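Data block below; observations after.
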Amino acid sequence: MSQVRVRFAPSPTGSFHLGSARTALFNWLYARHTGGTFVLRVEDTDKERNTPEALDVLLRGMRWLGLDWDEGPEVGGDYGPYFQSERRAIYDEYLQKLWAADRVYEKDGAVFFRLEGERYTEYDEYKKAEIEKVRAKPQVIDDAVRGVVERAEERDFVIVRSNGEPVFHLVNVVDDIAMGITHVIRGEDHLSNTTKHCELFQAFGAPLPKFAHIPMILSSTGPGKMSKRGDGVHVEDYERRHFLPYGLVNFLALLGWNAKDDQELFTLAELIERFDLPGIQKGNARFDEKKLSHVNTEQIRRLPLGEFAALAQPILEAAGVAIDDVNYMNAVLKLSQEKVRSLEELPGFVAYFFDDNFNFDEKAGERIFKKGEPLDRLAEVKEILSAVVDWSAEMLDRTFMDLASAKGHEKPFAWFPITRFAVSGVSGGPDLIPMLAMMGKERVLSRMEAFPSRYTV
RNA sequence: GUCCCGUUCGUCUAGCCCGGUCAGGACACAGGGUUUUCAUCCCUGCAACAGGGGUUCGAAUCCCCUACGGGACGCCA
């Protein structure tokens with residue numbers, strides 16, 4: 001079997017929509033799965049909308065997601081150029097073939113593709129006009145997702161505008177032929193266009209690629225496709241919110257595809273290994289950010305500590321967390337990785353580790369001071385902790401146990417809330433004993449020392 | 001309006017091709033447990049075959065109709 005060649009052919013608009021990203025991902029995964037080639041072709045024929053900035057958003061988004069292309073902008077390839085705006089000569093050349101075969105004609109300055117079949121006129125309810133139609137032979141599309149789809153195109157269509165610019169249908173097909181594309185994986189919104197494309201492939205005497213029309217992603221709120229505006233629908237939004245690129249990738253893969261068993265979390269290698277066209281869903285999917293967050297959290301937990309730290313450090317620094325000891329930071333991150341739900345909330349989750357002037361959570365304080373004599377308890381803890389020489393988790397654990405039994409308690413839990421609050425200002429976080437061990441004796445004791453003056457009920 | 005595609009828990013989905021399972025999993029939600037913890041983790045629960053006709057001993061699975069959803073019908077891509 002010949003090598004698979006797939007392409008992602010976006011039109012840069014200034015943002016990278018999640019729906020486009022998923023189309024890119026499915027193409028990329030299929031290429032990687034089959035050992036084929038992933039082509040990035042920029043459909044920038046609409047001069048109004050396409051700017052260098054828009055292209056940059058797109059390329060940056062692709063790289064951020066890890067969707068590297070084998071041919072395309074900045075990497076080149078044997079089938080270039082990869083910008084449609086630079087392929088004009090090729091379109092003209094193909095257009096000549098259609099003229100020679102008498103499959104096109106000019107009308108109102110535009111070039112129309114001529115369908116073959118009996119012609120008739122009919123009043124069209126949609127166009128609100130009497131128009132010419134053609135009884136063309138239905139095109140039979142053997143779609144990898146939908147099976148056999150039959151549809152006839154019933155009107156000649158424009159392939160070159162009166163201003164001389166070739167239209168999407170033409171350039172798309174010409175490029176797919178010229179670039180040797182074997183599989184066209186794209187959104188279902190193109191299924192109806194496919195009959196036009198088949199007509200063109202045939203007029204050029206080119207074999208049809210294998211089509212795979214993937215379901216749409218619907219808005220989680222309103223009706224219709226996922227909105228083109230607003231936050232939460234663009235790749236850039238998730239990059240800004242410090243989502244893990246692979247968390248988004250894993251989630252996107254699940255939107256319209258599944259592995260046919262119960263596995264949902266994959267390593268990249270597993271995803272590439274298991275992805276295939278038959279696993280693609282027919283029905284449209286609705287975007288659910290809660291599930292995205294869940295997948296993102298799970299992927300964060302699976303990160304090797306080194307990678308987690310490499311991602312976390314710049315985020316912490318950008319949030320104003322002063323890191324002067326990398327070993328200490330790594331220790332903090334090690335304790336936090338399994339507890340935190342996103343990189344976005346990480347700075348808030350760990351800030352107190354790095355700043356002795358941390359804030360106190362009002363509600364947590366109120367709860368703690370509602371019962372007992374927390375200040376007395378804190379004094380007791382401070383006293384026994386200052387005597388600890390071997391500042392290890394094991395020793396601290398034993399020290400707290402000793403305190404508890406000396407006071408007639410079975411467990412030292414009664415001393416925990418105020419201890420945590422005094423050294424962190426909050427009521428939750430990593431497990432207390434390992435956390436104290438990691439913070440070090442000096443920091444813990446000085447924070448407990450400062451507590452009564454820093455916090456007043 | 002015409003044509004095309006689709007329809008299983010609130011959401012993502014398995015099962016459908018090759019009829020027979022308490023219709024399975026995940027997210028969310030609810031309750032319980034663990035925990036110093038409005039974190040994590042564990043357990044339990046909730047909850048679906050769009051409707052109607054067939055075919056069949058038996059249908060989520062096959063056929064037909066209806067409804068609903070999505071898409072296309074641009075000299076946008």
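All values derive from a computational prediction rather than experimental measurement. Reminder, nothing fancy here: chain letters follow the sequence lines and each chain counts from 1. Because only heavy atoms are used, hydrogens play no part in the values below, and waters and symmetry mates are left out as well, while side chains stay in.
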Any chance the side chains of A/Asn296 and A/Tyr246 put a donor and an acceptor closer than 3.5 Å?
no
With rounding to whole Å, what would you report as the distance between B/C12 and B/C3 at their C1' atoms?
30 Å
Just checking A/Asp431: base, sugar-phosphate only, or nothing, at a heavy-atom cut-off of under 4.0 Å?
base
Polar pair under 3.5 Å, donor/acceptor by atom type, side chain A/Ser192, base B/C73
no
In whole Å, measure the gap between the P atoms of B/G25 and B/G70 for me.
31 Å
A/Asp108 side chain: which of B/C38, B/C5, B/C75 is closest?
B/C75
If the C1' atom of B/A59 is compared with that of B/C18, how far apart are they to the nearest Å?
14 Å
Can you name the residues that form a ring-ring contact (aromatic ring centres under 6.0 Å, His included) with A/His294, not counting sequence neighbours?
none
Please classify the nucleic acid contact of A/Arg367 as base, sugar-phosphate, or nothing, using heavy-atom distances under 4.0 Å.
base
Of the nucleotides B/G71, B/G70, B/C5, which one has an atom closest to the side chain of A/Asp189?
B/G71
Give A/Gly109 one of three labels, base, sugar-phosphate or nothing, depending on what nucleic acid heavy atoms sit under 4.0 Å from its own.
nothing
Kindly state each residue pair satisfying ring-ring contact (aromatic ring centres under 6.0 Å, His included) with at least one member in residues 127-158 of chain A, sequence neighbours excluded.
A/Phe113-A/Phe157
If only side-chain N and O atoms of A/Asn258 are considered, is one of them under 4.0 Å from the OP1 or OP2 phosphate oxygen of B/U13?
no
Reckon A/Lys339 touches a base, only the sugar-phosphate, or nothing at all at heavy-atom distances under 4.0 Å?
base
A/Val149 has its side chain closest, among B/C38, B/C5, B/C41, to B/C5
In A/Glu199, A/Glu153, A/Arg151, A/His213, the residue satisfying side chain to side chain donor-acceptor pair (under 3.5 Å) with A/Thr194 is A/His213
Using atom P in both nucleotides, what's the gap between B/C63 and B/U7 to the nearest angstrom?
13 Å
Regarding A/Asn193, tell me which of base, sugar-phosphate or nothing describes its non-hydrogen contacts under 4.0 Å with the strands shown.
base
Looking across every strand, which nucleic acid part, if any, lies under 4.0 Å from A/Pro430 by heavy atom: base, sugar-phosphate, or nothing?
base
Counting only side-chain heavy atoms from C-beta out, which of B/A77, B/C4, B/G74 sits nearest to A/Glu43?
B/A77
Show your working on side chain to side chain contact (heavy atoms under 4.5 Å, CB included) between A/Arg186 and A/Asn172 and close with a plain yes or no.
CA-CA 12 Å; A/Arg186 64 192 350 178; A/Asn172 195 266; 3.5 Å; yes
Give me the distance, rounded to whole Å, that separates B/C42 from B/C5 when you measure between the P atoms they each carry.
44 Å
Start at the 5' end of RNA chain B and walk down; is the nucleotide closest to A/Trp257 or to A/Pro434 reached first?
A/Trp257
Winner on side-chain proximity to A/Ser162, out of B/C75, B/G1, B/C73, is B/C75
Given side-chain hydrogen bond (donor to acceptor under 3.5 Å, both in side chains), test A/Gln281 with A/Trp257 step by step and report yes or no.
CA-CA 6 Å; A/Gln281 195 70 15; A/Trp257 171 84; over 6 Å; no
How would you label the contact of A/Ala110 with the nucleic acid (heavy atoms, under 4.0 Å): base, sugar-phosphate, or nothing?
base
Just to be sure I understand the geometry, which residues of residues 168-177 of chain A put a non-hydrogen atom under 4.0 Å away from RNA chain B?
A/Phe168, A/His169
Whole-Å P distance, B/C22 and B/C27
25 Å
Picking from B/C75, B/G1, B/C41, which would you name as closest to the side chain of A/Val158?
B/C75
The nucleotide from B/G15, B/C75, B/C4 with an atom nearest the side chain of A/Arg161 is B/C75
Residue A/Lys127, side-chain atoms from C-beta onward, closest of B/A14, B/A77, B/G74
B/G74
5' precedence on RNA chain B between A/Val167 and A/Val145 (nearest-nucleotide basis):
A/Val145
Opposite nucleotide pairing with B/C62, Watson-Crick or G-U, both atom distances under 3.5 Å:
B/G54
So what does A/Gly429 hit on the nucleic acid, given a heavy-atom distance under 4.0 Å: a base, only sugar-phosphate, or nothing?
base
What does B/U21 pair with, Watson-Crick or G-U, if both distances are under 3.5 Å?
none
Sugar-phosphate or base contact per nucleotide [nucleotides 18-34 of chain B; S, B, -; heavy atom under 4.0 Å]:
------BBBSS------
Quantified in whole Å, what is the P atom distance between nucleotide B/C9 and nucleotide B/U2?
29 Å
Applying the 3.5 Å cut-off to both distances, the Watson-Crick or G-U partner of B/A30 turns out to be B/U44
Strand partner of B/C68, provided both Watson-Crick or wobble distances fall under 3.5 Å:
B/G6
Residues A/Gln299 and A/Asn250: side-chain donor-acceptor under 3.5 angstrom:
yes
Taking the side chain as every heavy atom from C-beta outward, state whether A/Phe400 and A/Leu436 have any atom pair closer than 4.5 Å.
yes
Distances under 3.5 Å between protein N/O atoms and the N/O atoms of nucleotides 65-68 of chain B, please, pair by pair.
none

Kindly point out which of B/G70, B/C3, B/U37 is positioned nearest to the side chain of A/Arg420?
B/U37
Looking at A/Gln84, does any N or O in its side chain come under 4.0 Å of the phosphate oxygens OP1/OP2 on B/A77?
no
Just checking A/Glu154: base, sugar-phosphate only, or nothing, at a heavy-atom cut-off of under 4.0 Å?
nothing
Please check the phosphate of B/C75 (OP1 and OP2 only) for any side-chain N or O of A/Arg155 closer than 4.0 Å.
no
Show me the donor-acceptor pairs within less than 3.5 Å that the side chains of residues 407-414 of chain A make with the rest of the protein, sequence neighbours left out.
{"unit_1": "A/His409", "atom_1": "ND1", "unit_2": "A/Lys407", "atom_2": "O", "d": "3.4"}

Nucleotide nearest A/Glu188 (side chain, heavy atoms from C-beta), chosen from B/C5, B/U13, B/U11
B/C5
Can you confirm whether the side chains of A/Tyr238 and A/Glu289 place a donor and an acceptor under 3.5 Å from each other?
yes
Donor on one side chain, acceptor on other, A/Glu71 and A/Tyr79, under 3.5 Å:
no
A/Tyr126 stacking on B/C73: centroids under 5.5 Å, ring planes under 30°?
yes
